Amino acid sequence: MSDQKKDPVEETKAYYCVECGKCTGICPVSRGTDYSPRRMVKRALEEPESDVARDPQIWNCLTCKLCGGVCPSDVDYIDFIKMVRSRAVDQGIGGGCSQGGQLSTMARMMARDGLAQSRTSWTKGLDVAQNGEVMYFVGCLPYFDAVFDELRPDTLDIAKSTVKVLNAAGIRPVVSESERCCGHDLLWSGDVESFRTLARQNIKQMKMLGVRKVITSCAECYRTLSRDYKELGADIEVQHISQAALELVGQGRLKVASSDRKVTLHDACRLGRHSGVYEEPREVLKTIAQLVEMPRNRVAASCCGVGAFLMCGANSKRIQLERLNEAGGVAGTLVTECPKCQIHFKCALNDKAIAGPKPPDLEIVDLASLLARSLEAGKK
Amino acid sequence: MAEFEPRIVAFCCNWCSYAGADLTGVSRMQYAPNIRIIRVMCSGRIEPNFILRALELGADGVLVAGCHIGDCHYISGNKEAQKQIERTSRLLEILGVDRRRLRLEWISASEGQKFANTVNEFVNDVRALGPAGFGGK
Amino acid sequence: MKDVLVIGGGVAGIQAALDLAEKGVKVHLVERTPSIGGRMAQLDKTFPTMDCSICILAPKMADCADHPNITVHTCSELTALEGEAGKFRATVLGHARHVDASKCTGCGKCVEACRMKGRIPNEFDFGLRKRGAIYLPFLQAVPRVMNIDDKRCLLLRTGKCGDKQLCKEACERGAIDFDQKDQTVALDVGAVVVATGFDIFDPSGMFEYGYGRFANVRTAMEYERLICASGPTGGHLEVEPTKEHPRSMAFIQCVGARDLRRSPFCCSVCCMYATKEAVLVKEHYPDTECTIFNVDMRALGKGFEEFVDRARDEYGVRFVRARPGQVTEDPGTKKLTVWYEDPELGKVKSMPADIVVLATALVPHPGTAALAKVLGIELDEHMFFKVKDPLMSPVESTRPGVFIAGYCETPKDIPESVAQASGAAARAYEVLAKEKGGAARA
């Protein structure tokens, strides 16, 4: 049940909109469809009876926040869309979760009390703890590994790599069997109630285990834990693995080997524009490879084409293809900071049905995996 | 105290297993009433979300029945079903749901007895496992 | 009668100085840069009359230099203002220009000889032209005395300029003086007029427009220098890298202005100057498509709306009510594409443009807060000088005896700045008159 008192227009100050259309001008979804963020806001402002929550196009938004980067009236459009979606869900309307909806179903199922997951078998051979002050929040990496097996995104390699890196710095992170999905996708698809249930369970778990600091390898978990969980009373410090690794390298607790390999970095929307973290991933990447920037980087970075696993379609593929070619134009390796970006890019790279040239030799690898590999190299 | 009666959802393919279930009925063979049959054109149509949603909505077990390998009306649909069921089983395992709550069976149109046996066996198995516990919404 | 101090040598300061001088008042015109003239000197033509800007300003600049009642202090700034209305003591610091103004004839031989010639981006043309370490800011500079940029001059910076100083050698009058020191003068003045103008917002931080990354994206003031016949390209607009003239141009309004995250206010002049700039393009290249992307068209003055109509109907300038969301560049051809939402269709459209001109916000100078402190006057929340009563007393600052004129008070165009300058001059004269006959009135 969304908070009926919170009006999307009031909360996001959408009434400041001057209808200039800058948002539509930069929106990646608008480029391929007739979607117009400006029209959405205009409709909410001028035709409240028509109920913009019933507009099927509210599900098209990637929530990438490129619009927020340029709006002269500082309208928080993605928050506006989030709140409108929750009103839609209250009316029984839902968006098109890709992969047949299984990911949101799984997230909702995870909200059950008394669930006994079996999600830590990948930690074999690694040094993890049952409780402690520092937790590695794994997110849905074990599930992605099963769902996307054909893409071989190797999301569990991201998890293993993260722990390896932390172990190498002498940290024994807590990895919990009772960890649940952070709820990011449910929150952004308008299912606020399920999100809150998941969040409360995770927060309770963390308190019980004595966790004070959470490290995550997923940009979406990062944003959700550091912002949305704070609003629900979580009292934790949150770091993305790139930030943690940079800190540890700076303190001399982590030794990595540099390499000549040319790489480029894709800024994840949730780490970049949502959370303002641009430089730390770059600084740590520079210690292990030669970083070359794509033309659209940092606040100008393109989205990976899909937000919250909603509405993946031809336009998403177009966005992904554009970005892959942009990456291929500057380096042979594309580094991602979020497992979902990696999944989406690999899906596009391997998709035989999309028209258009793809960079054939582009390697897509996560920042955590690259860090772990550089540890090995350092040992040799 | 009422004993737990599991609720089972069975996805049956049109060409083989649904016809097989029909034969069971016509032959007046008894099988457990806990089952709700949903006809699909091919077992290959079954995707993970169907199974997950069934469980989320309160099912305690899901049975998927299709043609024998080599007999699929759409040639390779049942092979697809095999893949999807395997994938779903892995998901359920991580989720902490007992794999035995999901069962894949090849039942041809003439195997009315097999259908009845499969259902009865499956219902017993799931009864022993207890409620899946997702409550339903 | 006491003197008056005028701070700022732009058109407003010049007008105030001339008005007062004509009334018999001695005026000290203090200007931070090496020449008076200000922004108006940098424009090509003025709206709506399409007068050549420097042509109508230069005579006034010359009048200031020649007028027996005006002392022009360039390279100077105010460092203290003590006292009260009618009895101020102003301390003005004059930075050494290392050229003796009494000897320099402005012949320019030193400029030709300078070892650093052609190496330093010049301020007047926004870096579009290069100068040397010794230079004249622009052709019509007043005073016509050379300057040495002591941060770039090899001798002043490193102690050594080759084996000899070429400028000193070239000068036939011995006007170059490397030992010249900064000088502080104390001035007794009865009133002060502040006319410090504005600074140009730097749009490099707005990633969506590509300024600073894309060669063919310019600010409006840069465009003024490019289209001006005495500018770096002789008045020719050149598309990089081919140097051909543009076939299509886009003017994007309100860049950094009417923007809640940067300057929320409207700069008042951009709608008109963009129209003027588009008309100039059409006059130079009649076949070039010109499109102005704006939200409103603020054409409030006399003849302004008619000017806009002429631009649209006679010259064929297109006006599109949209703020472009992005400017992209083709990495090969360097041609630009402007992405905007068609206001009628509600769909994204793209328009090719050879050159994009950004009407950047015109904002208070960064040094305004410090100057306000020295002057003892207040600023408003946007860092403009606050007037005592915005309705009935729009030239008085919050300190008696200190008056404000021009853009530094609030955005306005040239006629408004000139009018306000005359108003400030009159009010300043009032202070002097009262002071002169003050004893009798008390």
Side-chain angles (χ1 to χ4, degrees), chain A residues 12-43 46 55 57 60 64-77 267 272-273 278 293-302 315 322 325-326 329-330, chain C residues 201 203-214 250 252-267 293-296 320-332 334 336-351 353 356 358-361:
Chain A
T12 59
K13 299 202 175 35
Y15 43 64
Y16 280 147
C17 170
V18 296
E19 287 196 57
C20 66
K22 257 185 110 167
C23 47
T24 311
I26 202 168
C27 175
V29 180
S30 299
R31 290 289 156 88
T33 65
D34 65 354
Y35 174 70
S36 160
R38 179 195 63 93
R39 258 209 326 245
M40 288 288 145
V41 173
K42 186 181 161 95
R43 196 168 146 190
E46 296 180 1
D55 192 328
Q57 287 195 325
N60 291 4
C64 71
K65 213 170 175 176
L66 267 168
C67 53
V70 305
C71 176
S73 300
D74 218 10
V75 172
D76 195 340
Y77 182 75
D267 292 278
R273 279 183 296 272
Y278 299 111
E293 297 281 5
M294 286 185 270
R296 293 179 297 170
N297 62 70
R298 295 182 175 81
V299 69
S302 132
N315 200 42
E322 215 174 60
N325 282 311
E326 191 180 351
V330 300
Chain C
F201 168 73
S204 314
M206 297 181 80
F207 70 91
E208 60 268 35
Y209 294 129
Y211 177 79
R213 288 180 294 129
F214 304 156
I252 301 181
Q253 302 304 102
C254 305
V255 173
R258 299 186 71 185
D259 182 329
L260 290 179
R261 294 182 300 159
R262 296 178 179 90
S263 301
F265 51 84
C266 163
C267 300
F293 291 94
N294 61 342
V295 168
D296 293 310
V320 174
R321 197 220 174 259
R323 264 164 116 160
Q326 201 178 21
V327 174
T328 55
E329 182 194 52
D330 180 302
K334 303 291 179 205
L336 305 168
T337 304
V338 177
W339 298 89
Y340 64 100
E341 182 180 357
D342 183 309
E344 273 157 56
L345 298 176
K347 278 179 74 163
V348 130
K349 277 177 90 167
S350 67
M351 188 195 92
V356 170
L358 304 176
T360 51

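Computation of the quantities below employed the complete heavy-atom set of this structure, encompassing side-chain atoms and omitting hydrogens, waters and symmetry-equivalent molecules. A quick note: this is a predicted structure, and the numbers were derived from the prediction, not measured. Within every chain, numbering begins at 1; the chains are lettered A, B, ... in the order of the sequence lines, protein sequences first and strands thereafter.
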Using heavy-atom distances under 4.5 Å, tell me whether C:Pro343 contacts chain A through its side chain, its backbone, both, or neither.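 C:Pro343 touches chain A through backbone heavy atoms alone.
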For C:Arg258, is it the side chain, the backbone, both or neither that has a heavy atom under 4.5 Å from a heavy atom of chain A?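 C:Arg258 touches chain A through backbone heavy atoms alone.
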Residues of residues 324-331 of chain C with any heavy atom under 4.5 Å of a heavy atom in chain A: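 Near chain A, by residue number: C:Pro324, C:Gly325, C:Gln326.
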N/O donor-acceptor pair under 3.5 Å between C:Arg323 side chain and A:Cys20 backbone: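 Absent.
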Heavy atoms only: give me the nearest C:Phe207-A:Gly69 pair and the separation to one decimal.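 Result for this residue pair: CE2-O, 4.0 Å.
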Heavy-atom closest contact (A:Asp74 atom, C:Arg261 atom, distance):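 Distance-wise, the nearest heavy atoms are OD1-CD, 3.1 Å.
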Suppose the criterion is side chain to side chain donor-acceptor pair (under 3.5 Å): which pairs have a residue in residues 16-27 of chain A, not counting sequence neighbours?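 Checked against side chain to side chain donor-acceptor pair (under 3.5 Å) - neighbours excluded - the pairs reaching residues 16-27 of chain A are A:Glu19-A:Arg38, A:Glu19-A:Lys42, A:Lys22-C:Glu208, A:Lys22-C:Tyr209, A:Thr24-A:Ser36, A:Thr24-C:Glu341.
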For chain C, which candidate among A:Cys71, A:Ala300, A:Gly329, A:Gly25 shows the most heavy-atom pairs at distances under 4.5 Å?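 Counting heavy-atom pairs under 4.5 Å, the top option is A:Gly25.
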For atom CD of C:Glu344, decide whether the heavy atoms of other residues, nucleotides or ligands shown that lie under 6.0 angstrom number more than 12.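 Open: at most 12 neighbouring heavy atoms sit under 6.0 Å from CD of C:Glu344.
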